[in-house]
Amino acid sequence: MFQEEDWREALEADGTVRDGAQVAELTDLMDLSAWGEDARLISRREHPHPGAQLSLFDTAEGFRHTCFITNASALDFDAAALECRHRGHARVEDRVRCWKDCGLQNLPFASFTQNLAWVATSLIAGVLIAWTQMTCLDGGLKVAEPNTFRYRLLHIGAVLVRRGRRLILRLDETWPWAGALRRAFLRLRTAFP
């Protein structure tokens, strides 16, 4: 029987306790034979952020619950370590979702070779956006979806002028995100002098 005492504190990637989150292993409460002999069911509960949509089950206790199944029992991790590892993997799935927005959603050609080039180009675009966000941006643009990133930074009106053997990029000053793009160029210049 599962009790309230079976919940343990969740961990952050650096090993510190995750504030307001608990983890429990529910493997013994479910039949996981269809998932393989090493399958484990881990659950996390935490207080939801303001404005979060809660299910009927979540509103009864005031926690948001998340479950996942893993076959990592061979690694001999406890439930808290597995949950931390799983949460870190969500970032990878988020990148895959963003790459789909960069052209991986559809393969437009009939030829395998042409689609192979399309996939390579889409992945390069996704990596460039991720790298730019990590290196050059801050605030909301650092975590913006590709569509928002494209609209705010790549749709800005600009003119490339030559003055005294130097190329100067003049941005449309009325564009609401012109300052963010200017700061991004400065960060890029200071990151790689």
Side-chain angles (χ1 to χ4, degrees), residues 10 12-14 18-21 44-56 58-59 63-68 83-193:
E12 294 287 358
D14 61 1
R18 184 174 172 91
D19 191 34
R44 177 183 79 232
R45 72 175 185 182
E46 61 185 333
H47 294 290
H49 58 80
Q53 298 272 333
L54 298 177
S55 70
L56 182 62
D58 292 334
T59 57
F63 289 103
R64 168 170 275 178
H65 293 81
T66 306
C67 293
F68 67 94
E83 190 276 331
C84 181
R85 179 175 172 246
H86 177 74
R87 220 175 335 109
H89 193 266
R91 190 174 58 234
V92 173
E93 293 171 0
D94 196 40
R95 280 290 164 220
V96 170
R97 184 179 47 77
C98 288
W99 280 338
K100 287 182 179 179
D101 286 343
C102 291
L104 283 180
Q105 190 72 23
N106 300 313
L107 299 176
F109 303 109
S111 164
F112 176 79
T113 308
Q114 290 172 323
N115 282 327
L116 190 63
W118 178 266
V119 167
T121 305
S122 300
L123 290 176
I124 290 169
V127 167
L128 284 174
I129 288 175
W131 181 83
T132 302
Q133 287 176 318
M134 181 181 68
T135 307
C136 303
L137 298 174
D138 58 1
L141 287 172
K142 189 174 187 87
V143 294
E145 296 294 317
N147 290 336
T148 304
F149 179 87
R150 276 193 295 270
Y151 177 76
R152 293 184 180 179
L153 293 185
L154 302 181
H155 288 176
I156 186 171
V159 176
L160 190 61
V161 296
R162 185 177 299 275
R163 177 177 283 172
R165 296 186 188 184
R166 289 180 40 198
L167 287 175
I168 299 172
L169 182 65
R170 294 188 186 265
L171 303 175
D172 178 7
E173 294 299 323
T174 62
W175 189 255
W177 299 281
L181 187 57
R182 194 177 306 105
R183 286 190 305 275
F185 277 123
L186 288 174
R187 283 199 179 126
L188 180 64
R189 196 174 268 179
T190 57
F192 302 100

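All figures in this text were calculated on a predicted structure; none of them were measured in a lab. Side chains included, hydrogens not; waters and symmetry mates left out as well; all remaining heavy atoms used.
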Engineer: Compile the donor-acceptor pairs under 3.5 Å between side chains in residues 165-180 and protein atoms, sequence neighbours left out, one pair per line.
Structural biologist:
from : atom 1 : to   : atom 2 : distance (Å)
D172 : OD1    : T174 : N      : 3.1
D172 : OD1    : T174 : OG1    : 2.7
D172 : OD2    : T174 : OG1    : 3.2
E173 : OE1    : R182 : NH2    : 2.7
E173 : OE2    : R182 : NH2    : 2.9
W175 : NE1    : R152 : O      : 2.8

Engineer: Taking only residues two or more places apart in sequence, or in another chain, which ones meet D19 in a side-chain hydrogen bond (donor to acceptor under 3.5 Å, both in side chains)?
Structural biologist: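 Partners of D19 by the side-chain hydrogen bond (donor to acceptor under 3.5 Å, both in side chains) criterion come out as none, since no residue qualifies.
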
Engineer: Please tell me if the side chains of V143 and Q133 come closer than 4.5 Å, counting only heavy atoms from C-beta onward.
Structural biologist: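 No, too far: nothing below the 4.5 Å cut-off.
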
Engineer: So do the side chains of E12 and C84 get within less than 4.5 Å of each other, counting heavy atoms only?
Structural biologist: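 No, too far: nothing below the 4.5 Å cut-off.
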
Engineer: Tabulate below the donor-acceptor pairs under 3.5 Å that side-chain atoms of residues 116-130 make, not counting sequence neighbours, or state none.
Structural biologist:
from : atom 1 : to   : atom 2 : distance (Å)
W118 : NE1    : G103 : O      : 2.7
W118 : NE1    : N106 : O      : 3.3
T121 : OG1    : A117 : O      : 2.8
S122 : OG     : W118 : O      : 2.9

Engineer: Are there more than 12 heavy atoms of other residues, nucleotides or ligands under 6.0 Å from atom NZ of K142?
Structural biologist: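 Atom NZ in K142 is crowded, with more than 12 foreign heavy atoms closer than 6.0 Å.
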
Engineer: For R64 and P48, work out which heavy atoms get closest and say how close.
Structural biologist: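 It is N-CD, 4.2 Å.
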
Engineer: Output side-chain donor-acceptor pairs under 3.5 Å for residues 185-193, partner residues at least two apart or in another chain, one line each.
Structural biologist:
from : atom 1 : to   : atom 2 : distance (Å)
R187 : NH1    : C136 : O      : 3.3
R187 : NH2    : D138 : OD2    : 3.1
T190 : OG1    : L186 : O      : 3.2
T190 : OG1    : R187 : O      : 3.0

Engineer: Nearest 0.5 Å please: distance from the CD atom of E83 over to the OG1 atom of T66.
Structural biologist: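 It comes to 8.0 Å.
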
Engineer: Which heavy-atom pair separates L141 from L137 by the least distance, and what is that distance?
Structural biologist: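 For L141 versus L137, the nearest heavy atoms are O-CD1, 3.7 Å.
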
Engineer: Between C98 and P146, what is the shortest heavy-atom contact and its length?
Structural biologist: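 The pair with the smallest heavy-atom distance is O-CG, 3.5 Å.
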
Engineer: What residues, two or more places apart in sequence or in another chain, satisfy side-chain hydrogen bond (donor to acceptor under 3.5 Å, both in side chains) together with E46?
Structural biologist: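 For E46, the residues satisfying side-chain hydrogen bond (donor to acceptor under 3.5 Å, both in side chains) (neighbours in sequence not counted) are R18, R44.
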
Engineer: For H65, enumerate each residue passing the side-chain hydrogen bond (donor to acceptor under 3.5 Å, both in side chains) test, keeping only those at least two apart in sequence or located in another chain.
Structural biologist: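 So H65 forms a side-chain hydrogen bond (donor to acceptor under 3.5 Å, both in side chains) with D58.
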
Engineer: Identify, with sequence neighbours excluded, every residue that meets ring-ring contact (aromatic ring centres under 6.0 Å, His included) alongside F109.
Structural biologist: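 Once residues adjacent in sequence are excluded, F109 has no partner under the ring-ring contact (aromatic ring centres under 6.0 Å, His included) criterion.
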
Engineer: Quick check against the 3.5 Å criterion: does T135 have a side-chain atom that pairs as donor or acceptor with the backbone of W131?
Structural biologist: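 Confirmed, T135 side chain pairs with W131 backbone.
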
Engineer: Sequence neighbours left out, what pairs pass salt bridge (charged side-chain N to carboxylate O under 4.0 Å, His left out) with at least one residue falling in residues 110-137?
Structural biologist: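 Residue pairs passing salt bridge (charged side-chain N to carboxylate O under 4.0 Å, His left out), neighbours aside: none found.
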
